[in-house]
Structures are given as structure tokens and as C-alpha cells.
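Values below: every heavy atom of this structure, side chains too, minus hydrogens, waters and symmetry copies.
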Amino acid sequence: MGIAAPARKNRLTSIDMLRGVVLVIMALDHVRDMVTHPQSANYSAAVDFAGSAGALFFTRWITNFCAPTFVLLAGVSAFMYGATRQRSTGEVTRFLASRGVWLVFLELTVIGFAWSFNLHSKPFLQVIWAIGWSMIALSALVWLPRAAIAGFGVAMIAAHNGLDGIQPVLSEASPLWMLLHIPGTLEVGGTPVALIIYPLIPWIGVMALGYAIGPYFVGPNPERPGRLLLMGAVLTLLFLLLRLTNLYGDPVVWAPQQDTAATIISFLNVTKYPVSLQFLLMTLGPALMLLGWFERLTGQAVTILVTIGRVSFFYYILHLYLIHGIAVSIGLWQGFTLREMAVSFLENPPDFGLSLSGVYIVWVVTVVTMYPACAWYAGVKARRRDWWWLSYL
């Protein structure tokens, strides 16, 4: 299986462990995307779900924790990049700007191809796109006092749902406004050029908030686990308050349904595209609590998750190609042609796909297959600190 690389000095294994957990769960979401037909994976009519469809909802719901946690930790890591070696603000700015441009480029090329296996498909502007542009924005924000960065992040996260009532019709929306706050097909001059899945608001604010809480993670701090648990509990309680009252923070209200399961689904079915305040409270609260709890854990499972988390971007790119390759193989086994399968998952043939149990089997196979590659690459990064370009993968 390979040997995990030793942790760097001053590097918190709890952050890498949480990244590892997120990446393992993320693989479940991407397997579900690629080895089922999108019609069978749709749970938008949540209140109508029961039985196996309820299982599908919760399979999708648990993966909601991935993107917010990933973006928040990217902000934390940006702060630690500057703090651990006392880099100047200019150095941090250059690193964030260059890394952000690199991520945007990869989203439009290498990652885009992983989703479609087709050079003619429109790119999907997803989480790496949002992280890249958030880093570019953060490269400017780092010149502000940390309190101002925190205020900016909180304001963007808390206030952006106030824009829900003034959303223009998609066909009338400007391309810039769509990139900022409206998911859908981006058109330039009447020609579709991309599918926006992750508008940039409020992800820029989430990364800014991660940067603002970065000092909590620098150096030994026996109070840190307790503070993280408290912060996470406060965010979770705020989510419950806003959701129970339907007061603010999500355009889709919940309501009691015909049975308990449907009511729970209605309550948890918060808006991800664009991500709502309630969605972020629901996911970031538990994530912060896990971050505090993980500081106290040890064992083989911790080592495996830390190893995966230490090479998160390598894992992200490679697992997309692996899952899509498995999906194409399943399609060929089911009698479809390579031409029919060399498409994005949104264009899979109508009769293609596995059941939910099949999704879980492919997920386990994917994660088990990925670990040796992650252990090998983590070892390369630990041994070759002189290869600066490794920090970009």
C-alpha cells in the first residue's frame, strides 16, 4: 500500500485528516454522478422521496460537506503559508495569485476533460474554478487588516441571500452577474460557452473567513480543540434557528410533510447552487467541530486519511479520471459504444448506470485504488522539497 510521508514540521495533521475525510466522501459524490444517469440521480423534488430515493438523498446530502470544508481549509492554509515561515505579504500575494490562475487553467483544461473525455464539451465551472478565483481575490485581500478580512468574509456569507429576490431571469442576466451569483449556462453573444455550477459568491467569503481564522492553527495551542468545537456548535445552532423559523438564509423553505422521513428531507434540503447561508452553516459547523476532535485522534485510519489529505489536489485530479474510466468501462459492458460514453455525465445514455448499491461498490474500489498512489506521491513530495513545482499539484 505504500508508506505515508512524514508530516512537515509545524503542520497540523488534523487539517490534513479533515481534507482526507472530505476527499473520500467527495469520491462518493463523483461516483454517483458518473456511474448513474442524471435522471436517476435527481432528488430536487425532495418531499416526494421515500425508500430507496431517500437513500439517494442522504448519499448526496453527506457529500454537501465537501466543498465548504475544502474552501475554508484553503483559506486556513493560505494564512499558514505566510505565517509558518514568516513570508512577506507580497510573497503571499504572489503565491495566491499564481496558484489561483493555475487552478482556473486546470479547471478549464485537464479537469474539464476528466469530466467529459471529449474536447468539444463545454467546460463545467466547478469547485476548483471557485477556489482559483477565491485565491485570486484573497491575494488582494491579504493587504487588509485581519479583522477587515474577517468582516468581508462574514458579510459576503451572511448578506448574499438578500440578493435572491432580485435575481434576473437567466436569459437576461449579464455574464458577469452569472459568474458571481447565478448557476446555469453562460452565453457570450448568444453562444453557450460554459456551464456555471459554482458561482463565485459566497465562496470568496468562505475562503476569506478561513484565512481570518488561520492564527488559531499556528503552533501548539491546547485551547484550540475546545474553541473549534465551540465555534462549530454555535454555527450549527444558528443553522437550526434559521432553518426552523424559515427566517432567512435560504430561498427554499421547509415544511412538515406526510411522514417523518420526508419532513427530515425537506428540512435538510437547503440550496447548494448558489450555496446559501443555511447550507454553509449546516456544513461548516460540523466541519469545525470535527477539526477540533481530530486533533485528539491517532491510529492507522488517521494515517491513511492524513496521507490522502496531504496530496489533496493530486487525489482530486486522478480520482476523476479513474472514476470516469470506470464509468466508460461499465457502459461498454452494458452494450454502449465508446462514442456514446465519451461524453459528460450529464449526457450519458438514458439506460446507462448502476443502482445505488453499485455506486457504493465503485466508491469503495475507487478509494482503495487511490490510496497507494497517494502514499507514493506523498513520499515524493516529502523527499523532493527542492522540486518547487510539486507545490502546484
Determine whether a donor-acceptor pair (N or O, by modelled atom type, separation under 3.5 Å) exists between the side chain of [X] and the backbone of [Y].
| X | Y | value |
| --- | --- | --- |
| His319 | Val24 | no |
| Tyr211 | Leu138 | no |
| Arg224 | Tyr216 | yes |
| Asn118 | Val343 | no |
| Asp29 | Arg60 | no |
| Thr263 | Gln257 | yes |
| Thr89 | Trp143 | no |
| Ser329 | Gly325 | yes |
| Glu107 | Ile128 | yes |
| Gln278 | Tyr248 | yes |

Would you say the side chain of [Y] lies within less than 4.5 Å of the side chain of [X], judging by non-hydrogen atoms?
| X | Y | answer |
| --- | --- | --- |
| Ser139 | Arg94 | no |
| Met370 | Ile308 | no |
| Thr283 | Thr69 | no |
| Leu242 | Asp250 | no |

Determine whether more than 12 heavy atoms belonging to other residues, nucleotides or ligands lie under 6.0 Å from atom [atom1] of [X].
| X | atom1 | result |
| --- | --- | --- |
| Arg339 | CZ | no |
| Trp133 | CH2 | no |
| Lys272 | NZ | yes |

Report task. With side-chain contact (heavy atoms from CB on, under 4.5 Å) as the test, would you mind laying out the steps for Phe65 and Val22 before giving the verdict? Result -> CA-CA 7 Å; Phe65 290 84; Val22 164; 5.8 Å; no
Atom of [X], atom of [Y] and distance for their closest heavy-atom approach:
| X | Y | answer |
| --- | --- | --- |
| Ala78 | Leu96 | CB-CD2, 3.7 Å |
| Leu354 | Val362 | CD1-CG2, 3.8 Å |
| Ala150 | Ala212 | CB-CB, 3.6 Å |
| Gly132 | Leu103 | CA-CB, 3.9 Å |
| Val188 | Val193 | CG2-CG2, 3.9 Å |
| Val21 | Leu305 | CG2-CD1, 3.7 Å |

From [atom1] ([X]) to [atom2] ([Y]), nearest 0.5 Å:
| X | Y | atom1 | atom2 | result |
| --- | --- | --- | --- | --- |
| Leu356 | Ile361 | CG | CD1 | 10.5 Å |
| Phe345 | His324 | CZ | NE2 | 9.5 Å |
| Cys66 | Arg19 | SG | CZ | 13.5 Å |
| Trp203 | Met135 | CH2 | CE | 14.0 Å |
| Phe267 | Arg243 | CZ | CZ | 6.5 Å |
| Leu12 | Ser77 | CG | OG | 10.0 Å |

When hydrophobic residues are tied together by side-chain contacts of less than 4.5 Å, even through go-betweens, does [X] share a cluster with [Y]?
| X | Y | answer |
| --- | --- | --- |
| Val252 | Leu281 | no |
| Val31 | Val365 | no |
| Phe279 | Leu235 | yes |
| Leu288 | Leu229 | no |
| Phe239 | Val253 | no |

Could you label the plane-to-plane angle of the [X] and [Y] rings as parallel, tilted or perpendicular, counting under 30° as parallel and over 60° as perpendicular?
| X | Y | answer |
| --- | --- | --- |
| Trp61 | Phe58 | perpendicular |
| Trp102 | Phe105 | parallel |
| Tyr377 | Phe314 | parallel |

Report task. Using the side-chain contact (heavy atoms from CB on, under 4.5 Å) rule, take Val101 and Ile136 through it: C-alpha gap first, then chi angles, then the decisive distance, then the call. Result -> CA-CA 7 Å; Val101 170; Ile136 294 170; 4.0 Å; yes
Query raised in the report: Are Leu23 and Phe70 close enough, and set up right, to give a side-chain contact (heavy atoms from CB on, under 4.5 Å), and what steps lead you there?
Result: CA-CA 9 Å; Leu23 288 165; Phe70 220 65; 3.8 Å; yes
Query - Worked verdict on Val367 versus Tyr315 for side-chain contact (heavy atoms from CB on, under 4.5 Å) - result: CA-CA 10 Å; Val367 174; Tyr315 174 103; 4.2 Å; yes
